[in-house]
Peer 1: 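Structure incoming, see below.
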Protein chains: 2
Amino acid sequence: MFAAMNNIEDLHQRPIVSVDLAIFALTPDGLEVLLARRGVEPFTGHWALPGGWIHVDEDESLEAAARRVLSDKTGVAAPYFEQVGVFGDAARDPRGWSLSVTYMALIMPDAVILQHGGNVTDAAWHPIAGEATAQPLAFDHAAILKTAITRLRNKVEYTTLPVHLLPEAFTLSELQAVYERLLGRLLDKSAFRKRIAEVDFIVPIVGEMRRASNRPAQLYRLKQARSTVFFDRTI
Amino acid sequence: MFAAMNNIEDLHQRPIVSVDLAIFALTPDGLEVLLARRGVEPFTGHWALPGGWIHVDEDESLEAAARRVLSDKTGVAAPYFEQVGVFGDAARDPRGWSLSVTYMALIMPDAVILQHGGNVTDAAWHPIAGEATAQPLAFDHAAILKTAITRLRNKVEYTTLPVHLLPEAFTLSELQAVYERLLGRLLDKSAFRKRIAEVDFIVPIVGEMRRASNRPAQLYRLKQARSTVFFDRTI
DNA sequence: ATCCTTAGTGTAAAGTTTCAACTAACTTAG
DNA sequence: CTAAGTTAGTTGAAACTTTACACTAAGGAT
């Protein structure tokens with residue numbers, strides 16, 4: 001048996017590997033996740049995290065596969081992107097031992113043109129209540145989504161991740177509102193601004209003001225390219 | 001081509017999946033990582049992170065496979081254990097597109113009986129200088145190890161992870177020394193003790209003292225089972 | 001012109017962290 | 001047996017951060 005294990009040519013020892021995405025956006029209704037309704041077995045008709053296979057024959061890397069899935073489903077190319085983890089056992093897919101490499105992405109819902117095709121009959125934003133969606137999900141996607149939500153909520157506490165849920169230019173009041181909605185509690189204005197002032201990659205766009213509210217407000221932007229990871233703590 | 005992608009029976013679309021481990025321990029020489037010398041192609045004679053294949057035919061889960069590899073190489077069963085990430089592309093293994101699911105483990109080196117067999121001709125602890133070992137590593141293991149070391153160093157700042165590098169019972173002075181060695185800087189005794197006092201799963205073992213130094217010291221232990229994950233921040 | 005709302009700042013009180021000294025228990029050297 | 005040295009554990013004042021909340025200013029609406 002051990003000999004068979006070590007034979008790389010034994011294809012039946014290779015698991016099914018999918019790349020799945022927890023794509024988050026903030027809508028007027030709160031934090032939502034993009035789900036796809038399955039058009040094929042197993043779990044036909046169930047909602048699931050959008051996913052796909054790796055194009056091994058095209059030498060596509062893991063992250064490239066994840067970005068392709070995101071682009072295929074949303075038309076969005078380079079938002080915030082992070083690997084959440086790997087989930088693998090014999091029970092999660094009735095077709096056999098399988099492995100899901102899960103990424104999470106934060107995007108602006110306005111920029112998105114939802115696409116469905118292939119094995120998917122519908123795609124829609126679903127609100128998150130607590131740590132789950134209202135509908136049951138296919139496979140172990142409820143558990144995977146829970147992991148992604150926990151990671152997102154944790155990172156809100158100690159990173160500037162919420163900027164990725166806003167457009168390129170934003171005011172500090174808008175940013176604070178995003179933090180408050182994600183954290184579910186109000187923040188002190190003065191303390192919030194002091195903290196953002198310490199972060200050197202959130203910079204004012206000199207001269208540019210927003211007139212939307214009843215008073216003009218300074219616009220801010222990220223210093224680096226939007227897709228860059230820039231946390232104080234790497235994880 | 002897209003049809004072939006979606007056909008789960010197309011085994012050649014399945015990547016090679018290995019489980020690799022960054023096993024850390026603290027020795028008198030500092031932080032060390034357990035490496036295995038490869039006895040087979042590719043990279044024969046090179047040092048590599050210990051790893052193995054998943055026993056798909058035995059319905060073994062991903063984490064079970066990682067724990068089996070740890071147990072096979074060290075004889076240690078339940079130390080601190082955490083998934084670091086997945087690394088997958090066409091270039092990392094000359095045999096073709098492959099995927100490495102990497103875990104890190106923290107253990108006590110005294111408890112270990114190093115084993116080598118199968119495809120491995122030697123196993124040894126290697127000191128870590130900066131973010132790497134002195135020897136070049138097989139595959140992309142140098143990059144994987146760097147990711148694991150960064151994760152470990154980060155977590156030392158905001159978790160009690162270093163307790164896993166000590167025996168069941170330890171004094172606060174010993175724990176502080178571990179933190180200082182991992183962080184590479186001295187810590188204030190009073191501040192360190194205040195912080196540990198806030199952590200409710202590090203508890204004094206009442207009545208038990210250590211007489212090793214020139215003065216008896218209170219022994220402490222973890223409240224939960226050693227293998228439990230118990231961070232303030234999940235990641 | 002007056003009132004209302006929201007952007008942005010100032011400040012005093014409360015809380016934390018740091019630094020360094022201190023006490024106490026034991027070992028070792030003479 | 002005593003004095004000196006080492007380490008465990010505590011204390012408290014000074015420095016620094018965070019919090020709460022009030023204040024000023026720039027519009028829009030009436």
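The sequence lines fix the lettering, A, B, ..., with proteins before strands; numbering per chain opens at 1. Just the heavy atoms: all of them, side chains too, but no hydrogens, waters or symmetry mates, feed the values below.
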Peer 1: For Thr74(B), what residues pass the side chain to side chain donor-acceptor pair (under 3.5 Å) criterion, not counting sequence neighbours?
Peer 2: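 Testing Thr74(B) for side chain to side chain donor-acceptor pair (under 3.5 Å), a comparison that skips the adjacent residues, returns none.
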Peer 1: Rounded to whole angstroms, how far apart are CZ on Arg195(A) and P on dA20(D)?
Peer 2: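 Interatomic distance, CZ of Arg195(A) to P of dA20(D): 12 Å.
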Peer 1: Who are the ring-ring contact (aromatic ring centres under 6.0 Å, His included) partners of His116(A), not counting sequence neighbours?
Peer 2: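 His116(A) satisfies ring-ring contact (aromatic ring centres under 6.0 Å, His included) with no other residue.
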Peer 1: What nucleotide, of dG8(C), dG9(D), dT11(C), holds the atom closest to the side chain of Ala217(A)?
Peer 2: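 Shortest atom-to-atom distance from the side chain points to dG8(C).
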Peer 1: Assuming nearest nucleotide by heavy-atom distance, tell me which of Gln218(A) and Lys194(A) is located more 5' along DNA chain C.
Peer 2: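 On the 5' side of the pair lies Gln218(A).
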Peer 1: Rounded to whole angstrom units, what separation is found between the CD atom of Gln176(A) and the C1' atom of dT6(C)?
Peer 2: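 Taking atom C1' of dT6(C) as the reference, CD of Gln176(A) is at 12 Å.
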Peer 1: Taking atom P of dT6(C) as reference, at what distance in whole Å does atom CG of Leu172(A) sit?
Peer 2: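 Distance check: Leu172(A) CG to dT6(C) P gives 16 Å.
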Peer 1: Could you work out, with salt bridge (charged side-chain N to carboxylate O under 4.0 Å, His left out) as the rule, every residue matching Lys194(A), not counting sequence neighbours?
Peer 2: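 Expected list: none.
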Peer 1: Measure CD/Glu174(B) against C1'/dG9(D) and give the value in whole Å, please.
Peer 2: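 After rounding, the gap between these two atoms is 15 Å.
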Peer 1: Report the residues that fulfil salt bridge (charged side-chain N to carboxylate O under 4.0 Å, His left out) with Lys189(B), sequence neighbours left out, ordered by chain and then residue number.
Peer 2: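 Expected list: none.
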Peer 1: Determine whether a donor-acceptor pair (N or O, by modelled atom type, separation under 3.5 Å) exists between the side chain of Glu131(A) and the backbone of Ile149(A).
Peer 2: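 Here the side-chain-to-backbone pair does not exist.
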Peer 1: Can you see if the side chain of Ser173(B) gets near the phosphate of dT7(D) - specifically, an N or O under 4.0 Å from OP1 or OP2?
Peer 2: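 False: Ser173(B) side-chain N/O out of range (4.0 Å or more) of dT7(D) OP1/OP2.
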Peer 1: For a quick check, with a 4.0 angstrom heavy-atom cut-off, what is the B/S/- contact string for nucleotides 24-30 of chain C, read 5' to 3'?
Peer 2: BBBS---
Peer 1: For the pair made of CE in Met209(B) and C1' in dT7(D), what is the distance, rounded to whole Å?
Peer 2: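 Computing the Met209(B):CE to dT7(D):C1' distance gives 12 Å.
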Peer 1: To the nearest Å, give me how far apart CZ (Arg210(A)) and P (dT6(C)) are.
Peer 2: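 It works out to 15 Å between those atoms.
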Peer 1: Residues two or more places apart in sequence or in another chain: which of them pass ring-ring contact (aromatic ring centres under 6.0 Å, His included) with Tyr179(A)?
Peer 2: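 Tyr179(A): ring-ring contact (aromatic ring centres under 6.0 Å, His included) contacts with Phe192(A).
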Peer 1: Just to be sure I understand the geometry, which residues of residues 178-192 of chain A put a non-hydrogen atom under 4.0 Å away from DNA chain D?
Peer 2: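 Heavy-atom contacts with DNA chain D come from Asp188(A), Ser190(A).
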Peer 1: Separation of Ile196(B) atom CD1 from dG9(D) atom C1', in whole Å?
Peer 2: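 So the two atoms are 15 Å apart, to the nearest Å.
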Peer 1: Okay, side chain of Arg68(B), backbone of Ile54(B): is any donor-acceptor separation there less than 3.5 Å?
Peer 2: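 No, the answer is negative, given that no donor and acceptor are paired below the 3.5 Å cut-off.
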Peer 1: Just to verify, what does Tyr103(B) make a ring-ring contact (aromatic ring centres under 6.0 Å, His included) with, not counting sequence neighbours?
Peer 2: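 Tyr103(B) satisfies ring-ring contact (aromatic ring centres under 6.0 Å, His included) with Phe81(B) once adjacent residues are dropped.
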Peer 1: Rounding to a whole Å, what distance do you find between Arg193(B):CZ and dT17(C):C1'?
Peer 2: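 Checked: the CZ to C1' distance equals 17 Å.
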Peer 1: Could you note down all residue pairs passing side chain to side chain donor-acceptor pair (under 3.5 Å) where residues 134-144 of chain A supplies at least one of them, sequence neighbours left out?
Peer 2: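 For residues 134-144 of chain A: Arg92(A)-Asp140(A), His126(A)-Gln135(A).
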